[in-house]
Amino acid sequence: MEETTNAVNESKATNFIHEIIEDDINNKKYSTRINTRFPPEPNGYLHIGHAKSICLNFGIAEKYDGWCNLRFDDTNPSKEEVEYVESIKEDVHWLGFDWGGREYYASDYFQQLYDWAEELIKQGKAYVCELTPEQMREYRGTLTEPGKESPYRNRTSEENLDLFRRMKAGEFPDGSKTLRAKIDMASPNVNFRDPILYRIMHQEHHRTGDAWCIYPMYDWAHGQSDSIENITHSICTLEFENHRPLYDWFINQLSIHHPQQIEFARLNLSYTVMSKRKLLQLVNDGDVAGWDDPRMPTISGLRRRGYTPESIRNFAEKIGVARRDNVIDVALLENCIREDLNKRALRRMAVLQPLKVVIDNYPEGQIETLEAINNPEDSTAGTRQIEFSRELFIEQDDFMEIPPAQYYRLSVGKEVRLRYAYIVKCTGFEKDENGNITVVHCEYDPETKSGSGTASKKKVKGTIHWVAAHNAAHAEVRLYDRLFNVEDPAGVKDVDWKATINNNSLVVLPNSYVEPSLLTTQPGDKFQFERLGYFCTDKESPTDKPVFNRTVTLRDTWAKIEKKNN
RNA sequence: UGCCGGGUCGUCUAACGGUAGGACAGCGGCCUUUGGAGCCGUAUGCGGAGGUUCGAAUCCUCCCCCGGCAGCCA
C-alpha cells in the first residue's frame with residue numbers, strides 16, 4: 001500500500017469518531033490513508049439504520065481522503081443470498097457512495113482464516129470440542145457464575161490438527177464438532193469462555209459453493225477481515241463492544257495489523273421497527289408487500305416512498321453520532337424530505353377524492369388556458385398551461401354543508417379562489433338519496449381572473465385546488481402512514497409487537513383525478529400536489545392510469561386547528 | 001446480582017474548567033392566490049448528593065436510573 005499523507009480537512013469534526021480520527025491523523029498514528037468499511041451481512045435488505053452507518057463510514061472516507069470498502073460478512077450460508085448482495089450494492093450506490101471496486105467478501109478470506117486457525121491450534125490455543133449445543137450452554141456458566149472447562153479442552157495439538165483437518169474434509173456430520181479458542185472459562189466477559197471459531201455446516205455458500213463444509217464464526221472472521229483490509233478505524237454498533245477485547249486477543253495471537261474498533265449507538269426511529277429479523281417477518285407474513293413496500297424503513301422502501309438520497313444523507317447528518325441510546329422522532333426524517341422536495345418538486349394539481357363542481361354562470365363549452373407556476377421556490381422551473389372549464393372537480397374536504405369556524409373553504413354563500421383561476425361563490429349543492437353530496441354549484445366572478453390585475457380588488461381567505469373535468473386524467477393514489485401505532489413497537493411490554501401494527505397505514509384511492517400533464521409521468525418522478533403533500537410515481541405505475549405514492553403530507557395547519565377544537 | 005457502556009430541553013445533538021447553544025417537535029405572531037414555503041418571537045434541560053476550584057455539564061467520591069452481553073446468529 002502506497003504512502004499517503006492524511007490531512008485534517010478545514011471542516012471541523014462533527015462527532016466523537018471524527019475527533020478520534022483527527023487525533024490519530026495529527027499524531028501520525030498511521031502511515032497509510034484512513035480506511036473504513038461498511039460490512040453488511042447479506043441476509044436482508046438495508047434499512048435507514050444502515051444508512052446511518054453507510055453515511056458515517058463513507059463520509060469519513062470522503063472527509064479525510066481515505067477509502068471505504070464494501071465488505072459482505074458472509075460467514076453463515078444458511079441465511080445469506082445473492083439477492084441481498086445485489087440489493088445492498090444498489091442501495092449503497094443509490095445513496096450516492098462508491099467503493100471504488102473494493103467489493104470484498106469475508107468468504108474471500110476463508111483460506112486465510114483457516115490457516116490462522118491451524119496456527120492457533122499449533123500454538124495450543126484452540127481445540128476441537130465435541131460438546132453438544134446443550135452441553136455447551138451448561139458448560140458456559142452464566143453471567144454471574146464462571147463456566148467449566150470442556151473435557152476435550154486438553155487434547156494435543158497433533159490430535160486437534162488432525163481432527164480439524166478431518167472436519168474440513170467433511171468426515172463429520174453437522175454440529176458434531178466445533179473448533180474453539182482455548183482462553184478462559186471463568187472470564188467475566190463471556191466472549192472469552194472458549195468461543196467457537198468454526199462450526200460444521202454442510203451447506204452451499206452463495207460464493208464458495210461446496211468448497212467448504214466448515215464455516216468461521218463472525219467473531220473469528222470479522223476482526224481479521226478488517227485486519228486483512230488494513231482498516232484503520234473499524235466502526236460498529238454498541239453491541240460489539242464486549243467483543244472488542246476478543247478481537248484484540250485474536251489479532252495479538254496472530255501478530256497482524258490491529259484496526260481500532262470504535263462503537264456508536266445504532267439508530268432507532270419512532271413508530272417503526274429496525275431489526276432485520278422483524279422486517280423479514282413483516283415481509284414473510286404479508287403485513288407489507290415486500291422489502292421495498294413504501295411503509296418499510298428499508299432504503300428500498302424509502303426510495304419507493306419517494307425519499308431522495310440527499311434527504312437521507314441530510315438526515316444522517318442531523319441525527320449525529322454518539323454512544324447513548326436514542327430514538328429519533330420520525331418527524332425529523334419527514335422534515336428532511338419536505339425540505340428537499342420543497343426546493344425541487346414540481347407543483348401539480350390533483351384531486352384525490354373528487355367532488356363535482358358546476359360553475360353555472362360560466363359559458364358551456366368554453367375552455368380557457370391559464371398559466372400555472374411549476375415551483376415557486378425555483379424560478380428556473382418555469383410555468384405550464386392548464387385548462388379551465390365549466391365543470392371541475394374539487395376535493396370533497398374542500399366543501400362543507402355546515403362549516404365550522406375558521407373554515408376558509410367552500411360552503412353555501414362563501415367565496416374561495418380556485419387556484420390560478422377565478423374567485424367563485426357557492427350557490428348550492430345536490431345530494432343523492434343517501435345524503436351524499438354529489439354536486440356543488442357555484443358562480444364565478446369574471447373580474448377576478450388570476451393575474452389579471454383586477455384580481456387584487458377582491459380578497460378571499462381561502463384558495464383551493466381543482467382539476468377541470470373535461471380533460472382530467474384518472475389516477476390511483478396510495479396514502480401511506482406510519483406502519484405502527486406506537487412509538488416503540490418492539491418495546492411495548494406484554495403486547496406482541498405485531499399487535500401494534502397500524503391497520504390504516506395504507507389507504508388506496510383508485511378514483512382520483514390529476515392534471516393531464518401527469519399522464520406522461522415516469523416511475524420515480526416526484527411532485528408536490530398542491531395543498532396535499534409530496535407524491536412520487538410508483539415504480540410499477542401503468543402508463544394509462546398512473547399510480548402515485550404519497551411520500552409525506554405538507555405541514556397541515558388546518559389539521560392542527562381541527563385537532564385542537566376536538 | 002458478574003462484565004462492559006450510557007444518562008444535557010418533549011426528541012436528537014453541541015460544550016473539551018470560563019455566558020448551557022443548535023435542530024426537529026410545541027406554542028404565539030407576521031406574511032401568503034398552496035391553511036404550503038418563508039420570516040420573527042417564545043417556553044422547556046445538565047439524574048441526585050457531596051467534594052476539588054475564583055469558577056464544574058466537564059475533574060473526584062458515593063448513590064440512583066437506563067442499555068448491552070450467557071447462538072454452533074451477525
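Worth knowing before you read on, the calculation uses all heavy atoms, side chains too, and leaves out hydrogens, waters and symmetry mates. Labels below follow one simple rule: chain letters A, B, ... track the order of the sequence lines, proteins then strands, and each chain is numbered from 1.
We find that CG of A:Leu333 is positioned 15 Å from P of B:C12, with the value rounded to whole Å. Rounded to a whole Å, the CG atom of A:Leu143 is 7 Å from the P atom of B:A70. Regarding A:Arg419, its CZ atom lies at a distance of 12 Å from the C1' atom of B:G35, rounded to whole Å. Atom CE in A:Met217 sits roughly 11 Å away from atom P in B:A70 (whole-Å rounding). A straight line from CD1 of A:Ile423 to P of B:U34 spans 12 Å, rounded to a whole angstrom. Here B:U33 presents its P atom at 20 Å from CG of A:Asn374, a figure rounded to the nearest Å. Straight-line distance from the CG atom of A:Leu279 to the C1' atom of B:A74: 15 Å, rounded to whole Å. For the pair A:Asp488 CG and B:G67 P, the computed distance is 11 Å after rounding to whole Å.
Judged by distance alone, with hydrogens and angles left aside, A:Glu241 brings no side-chain donor or acceptor close enough to the base of B:G67 to form a pair under 3.5 Å. Side-chain atoms of A:Arg531 stay outside donor-acceptor range of the base of B:U34, with no qualifying N/O pair under 3.5 Å. Within 3.5 Å, no donor on the side chain of A:Arg555 pairs with an acceptor on the base of B:G35, nor the reverse. Side-chain atoms of A:Arg324 and base atoms of B:U8 include a donor and an acceptor less than 3.5 Å apart. In terms of polar N and O atoms assigned as donor or acceptor, the side chain of A:Ser450 comes within less than 3.5 Å of the base of B:U33 in a complementary pairing.
Screening A:Asp340, A:Thr551, A:Leu341 for a side-chain contact (heavy atoms from CB on, under 4.5 Å) involving A:Ser311 leaves a single residue, A:Asp340.
Taking 4.0 angstrom as the limit, A:Lys461 places none of its side-chain polar atoms (N or O) nearer than this to OP1 or OP2 of B:U33. When the side-chain nitrogen and oxygen atoms of A:Arg266 are compared with OP1 and OP2 of B:G67, none of them lie within a distance under 4.0 Å. For A:Arg348 and B:U34, the shortest distance from a side-chain N or O to OP1 or OP2 is not below 4.0 Å. Between A:Ser270 and B:U11 there is no side-chain N or O to OP1 or OP2 distance below 4.0 Å. A close approach under 4.0 Å does not occur between any side-chain nitrogen or oxygen of A:Lys563 and OP1 or OP2 of B:G26.
The aromatic ring centres of A:Trp466 and A:Phe393 sit 6.0 Å or more apart. Annotation: A:Tyr407 is in aromatic contact with A:Trp558 [ring centroid separation under 6.0 Å]. For A:Tyr114 and A:Tyr215, the gap between ring centers reaches or exceeds 6.0 Å.
Across all strands, A:Arg409 comes closer than 4.0 Å to base atoms (heavy-atom distances). Note on A:Ile196: a base of the nucleic acid sits closer than 4.0 angstrom, heavy atoms only. Across all strands shown, A:Thr463 has heavy atoms under 4.0 Å from sugar-phosphate atoms exclusively, and none from any base. Within the 4.0 angstrom heavy-atom criterion, no nucleotide atom of any strand lies near A:Phe192. Counting non-hydrogen atoms under 4.0 angstrom, A:Tyr198 reaches nothing in the nucleic acid.
B:G67 has its base anti relative to the sugar, with a glycosidic angle deviating from 0 by more than 90°.
If you take atom P in B:G35 and the same atom in B:G68, they sit 46 Å apart, rounded to whole Å. A gap of 29 Å separates the C1' atoms of B:U19 and B:U61, to the nearest Å. Using P as the reference atom, B:C16 and B:U11 are 24 Å apart when rounded to the nearest Å. Comparing the P positions of B:U8 and B:G47 gives an interatomic distance of 6 Å, to the nearest angstrom. A distance of about 11 Å separates the C1' atoms of B:C27 and B:U44, rounded to the whole Å. Rounded to whole Å, the C1' atom of B:U34 lies 13 Å from the corresponding atom of B:G38. Of the C1' atoms belonging to B:G45 and B:C4, the separation is 28 Å, rounded to the nearest Å. Comparing the P positions of B:U42 and B:U58 gives an interatomic distance of 29 Å, to the nearest angstrom.
In this structure, the nucleotide among B:G35, B:C27, B:C24 sitting nearest to the side chain of A:Ala331 is B:C24. Among the nucleotides B:G2, B:A14, B:U34, the one closest to the side chain of A:Asn15 is B:A14. Of the candidates B:G35, B:C69, B:U11, the closest approach to any side-chain atom of A:Asp329 belongs to B:U11. Distances were taken from every side-chain heavy atom of A:Ile561 (C-beta onward) to each of B:C72, B:U13, B:G35; the shortest belongs to B:G35. Across B:A70, B:G35, B:A74, the shortest atom-to-atom separation from the side chain of A:Val190 is found for B:A70. Among the nucleotides B:G68, B:C3, B:A74, the one closest to the side chain of A:Asp73 is B:A74. If you check B:A37, B:A70, B:U13 against the side chain of A:Thr142, the one that comes closest is B:A70. Closest to the side chain of A:Pro376, out of B:G35, B:U34, B:G2, is B:U34. Side-chain atoms of A:Thr557 lie closest to B:G35 of the nucleotides B:G35, B:A14, B:C72. Set against B:U33, B:G5, B:A14, the side chain of A:Arg323 has B:G5 as its closest nucleotide.
No side-chain N or O of A:Asp445 forms a donor-acceptor pair with one of A:Tyr422 less than 3.5 Å apart.
A cation-pi geometry, defined here as NZ or CZ lying under 6.0 Å from the six-membered ring centre and within 45° of its normal, does not hold between A:Arg348 and A:Phe529. Judged by the 6.0 Å and 45° rule, A:Lys526 forms no cation-pi pair with A:Phe535.
A:Arg266 CZ: 12 or fewer foreign heavy atoms inside a 6.0 Å radius.
Of the two residues contacting RNA chain B, namely A:Glu239 and A:Gln528, the nearest-nucleotide position lying further toward the 5' end is that of A:Gln528. Two residues, A:Phe529 and A:Thr75, neighbour RNA chain B, and the one matched to the more 5' nucleotide by heavy-atom proximity is A:Phe529.
Looking at A:Phe548 and A:Cys536, their side chains never come closer than 4.5 Å, going by heavy atoms from C-beta outward.
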